[in-house]
Amino acid sequence: MNNSIKFATSALALGVGLALSAPAYAGGFYIQEQSTKEAGRAYSGDAAAADSAATVFFNPAGMTELEGITIEANAQALFVDARQSNTGTTRTVPGVPVAIPVSGSDGGNPFAQPLVIPSFYATAQVTDRLWLGLGVNSPFGVVVDYDEDFFGRYDSLKSDVFTVNVQPSAAYKLSENISIGAGVDVQYVDVELANAVPNLNPADADAALNIQGDDITVGWNAGITATFNPVRIGAHYRSSIDHTLEGDFDLSGLTGPLAGNNVVTSATAPLSTPDIATVSVMFGTDTPYRVYGTWRWYNWSNFNEIRVQPEGAPTQVSEQNYRDTYSMAIGAEYDFSERFTLRAGTMFDESPITDEFRTTRVPDGDRTWLSVGGTYDLNDTISASLAYAHVFVKSEPLDRTDGFFQGTPAAVDATIRSDSRGNADVLAFSLAANF
């Protein structure tokens, strides 16, 4: 296999895996910002609350608690502040016995301000026992874009991951106490990413690698609720979705002896989203106050490697070694009147990224949420909800080496050393109608 294909396919394996793991201010690349009410109580009522059409996503069994037809539109704005500080980033030069420093800016804040996450849900009661629902949202993805002179440019410059998930669902009331529900997830994913590539002569401008891939695949989810006043228990499972990305990549700008490695070609790469299991408990089904607790498990360990099959070349493998994680949340709300409800909550959300695989594409750390929110019924049909959350992200060091043109006399190692820090503010708003 020639050096250009060998390098480019290895870069695709690494790049796709990292880009799809960029921080969405939930664990890994999962976006949990799908409901304004849940944002206000820090996602502590996910599988048990069943008080809005967003239950289609969190637990479709909860639709049996909604009378008539319910429609809900959400928009969440993430104001993310993330920064990198150079603590000794270097690169090697063939024939030079010591590594040389890599200069450049801190890359700026790589997140657009704000990142807007919309979602839409609808439910309809068909009979006394049967409900149908539909959810449209974006459960995975992020956009990270550093300045071109970023000192970590050999690690990453841009990661743009976009998903659309369409979920038709149904729920059935088995008895006055027990309901079940399930949905089909039709999911589209599109990935675009870029990073710089070092030329042999440090005085030459960097080369560039740009990658794009997409796919559409189907998964499923199912849940159950059990209500025994004043307690409701809910459980929900969302399956992994196995995508096969079909992509193009463009390696350009290599000079001197490396110029023959400039290439445009195609490849495919499998990508699996994690299974997610949720258990929630709600106390206060028939009182003006409610207390919630939720525990979630994420099967991130199924994302242990990326395998890339380039056209006409051997398979390339890039290890990711994610670990399974969990999150825990508690929250409460109180009906101050028939029209106004106030809520609050907190959540701890563990990162699946291990230290040896952390990168500037994944400046990830454990997160702690503090949230408040409220709902006001404008009339008997329309209600509006507002929520605010601050997300504290644990600062983490970066010390990672990536190899370029390995196995050739032109081999270069680029080592990024950085302190990564960040936090986020989330502002959520929704309008809901019940007929």
Side-chain angles (χ1 to χ4, degrees), residues 11 14-15 17-25 29 78-93 96 98-115 141-161 191-212 249-255 258 351 353 355 357-365 391-405 412-425:
L14 178 63
L18 295 179
L20 284 170
S21 309
Y25 285 85
F29 54 91
L78 278 67
F79 299 87
V80 184
D81 181 20
R83 298 285 175 176
Q84 299 291 330
S85 299
N86 193 349
T87 58
T89 298
T90 61
R91 58 155 291 181
T92 62
V93 178
V96 177
V98 296
I100 64 173
V102 175
S103 61
S105 73
D106 66 2
N109 186 353
F111 293 92
Q113 303 296 308
L115 297 170
V142 77
V143 179
V144 178
D145 194 355
Y146 293 98
D147 296 339
E148 289 187 3
D149 64 344
F150 175 40
F151 70 83
R153 57 191 176 274
Y154 301 133
D155 184 42
S156 72
L157 281 174
K158 181 178 182 180
S159 303
D160 187 345
V161 181
V191 179
E192 180 184 358
L193 59 97
N195 61 269
V197 178
N199 270 301
L200 293 184
N201 184 351
D204 289 349
D206 293 322
L209 176 65
N210 292 277
I211 303 169
Q212 186 277 330
F249 58 84
D250 183 347
L251 176 59
S252 62
L254 291 171
T255 60
L258 297 178
S351 170
I353 312 300
D355 289 345
F357 290 93
R358 185 172 290 108
T359 81
T360 57
R361 294 196 194 276
V362 194
D364 200 16
V391 185
F392 300 88
V393 183
K394 183 181 178 182
S395 296
E396 298 285 359
L398 251 106
D399 190 345
R400 177 188 178 93
T401 299
D402 289 309
F404 297 85
F405 310 106
V412 174
D413 288 334
T415 300
I416 180 170
R417 298 182 180 91
S418 174
D419 284 331
S420 175
R421 65 188 188 280
N423 54 65
D425 294 289

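Note that the numbering runs from 1 along the sequence shown for the chain. Note that these values count all heavy atoms, side chains included, but never hydrogens, waters or copies made by symmetry.
Between Val191 and Ile211 there is no side-chain heavy-atom pair separated by less than 4.5 Å. Residues Thr255 and Asn201 form no side-chain contact, since every pair of their non-hydrogen atoms from C-beta on lies 4.5 Å or further apart. With contacts defined as side-chain heavy-atom distances shorter than 4.5 Å, the pair Leu209/Phe404 does not qualify. Between Phe111 and Val143 there is no side-chain heavy-atom pair separated by less than 4.5 Å. The side-chain heavy atoms of Val93 and Leu200, taken from C-beta on, include no pair separated by under 4.5 Å. Between Glu148 and Asp206, the closest side-chain pair of non-hydrogen atoms is not below 4.5 Å. Residues Thr90 and Arg417 are in side-chain contact: their nearest non-hydrogen atoms beyond the backbone lie under 4.5 Å apart. With a 4.5 Å cut-off on side-chain heavy atoms, Asp81 and Arg83 count as touching.
Residues satisfying the ring pair (Phe, Tyr, Trp, His ring centres under 6.0 Å) test with Tyr154, not counting sequence neighbours, are none. When the salt bridge (charged side-chain N to carboxylate O under 4.0 Å, His left out) test is applied to Arg91, no partner is found at least two apart in sequence or on another chain. Residues satisfying the side-chain hydrogen bond (donor to acceptor under 3.5 Å, both in side chains) test with Thr87, not counting sequence neighbours, are none. A search for salt bridge (charged side-chain N to carboxylate O under 4.0 Å, His left out) contacts involving Asp106 returns nothing, not counting sequence neighbours. Under the ring pair (Phe, Tyr, Trp, His ring centres under 6.0 Å) criterion, Phe79 pairs with no residue at all, not counting sequence neighbours. Asp425 is linked by a side-chain hydrogen bond (donor to acceptor under 3.5 Å, both in side chains) to Tyr388, His390, counting only residues two or more places apart in sequence or in another chain.
The two residues Gly253 and Ala207 make their nearest non-hydrogen contact at C-CB, 3.6 Å. Minimum heavy-atom separation, Asn195 to Ser156: CB-CA, 3.8 Å. Taking both residues in full, the closest heavy atoms of Pro202 and Ile100 are given as CG-CD1, 3.6 Å, listed atom of the first, atom of the second, then distance. Shown here for Ala99 and Thr92, the closest heavy-atom pair between the two residues is CB-CG2, 4.2 Å. The minimum heavy-atom distance between Leu157 and Asp147, with the atom names listed, is CD2-O, 3.4 Å. Summarising the geometry of Gly422 relative to Val393, their closest heavy-atom pair is O-CB, 3.3 Å, with the distance given to 0.1 Å.
The closest donor-acceptor contact from the side chain of Glu192 to the backbone of Ser159 lies at 3.5 Å or more, if one exists at all. Looking at Asn86, its side chain never comes within 3.5 Å of a backbone N or O of Ser103 through a donor-acceptor pair.
For the residue pair Ser105/Asp149, the side-chain donor-acceptor check at 3.5 Å is satisfied.
Residue Lys394 holds its NZ atom at 10.0 Å from OG of Ser351, rounded to the nearest 0.5 Å. For the atom pair OG1 (Thr360) and CZ (Arg153), the distance works out to 11.5 Å, reported to the nearest 0.5 Å.
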_Trace of the side-chain contact (heavy atoms from CB on, under 4.5 Å) decision for Gln84 with Ile416_ = CA-CA 11 Å; Gln84 299 291 330; Ile416 180 170; 5.5 Å; no
*Residues Asp155, Tyr146; criterion side-chain contact (heavy atoms from CB on, under 4.5 Å); working and verdict*: CA-CA 11 Å; Asp155 184 42; Tyr146 293 98; over 6 Å; no
*Show your working on side-chain contact (heavy atoms from CB on, under 4.5 Å) between Thr89 and Phe150 and close with a plain yes or no.*
CA-CA 11 Å; Thr89 298; Phe150 175 40; over 6 Å; no
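Salt-bridge formation is not detected for the pair Asp419/Arg421: no Lys NZ or Arg NE/NH1/NH2 atom is positioned less than 4.0 Å from an Asp or Glu carboxylate oxygen.
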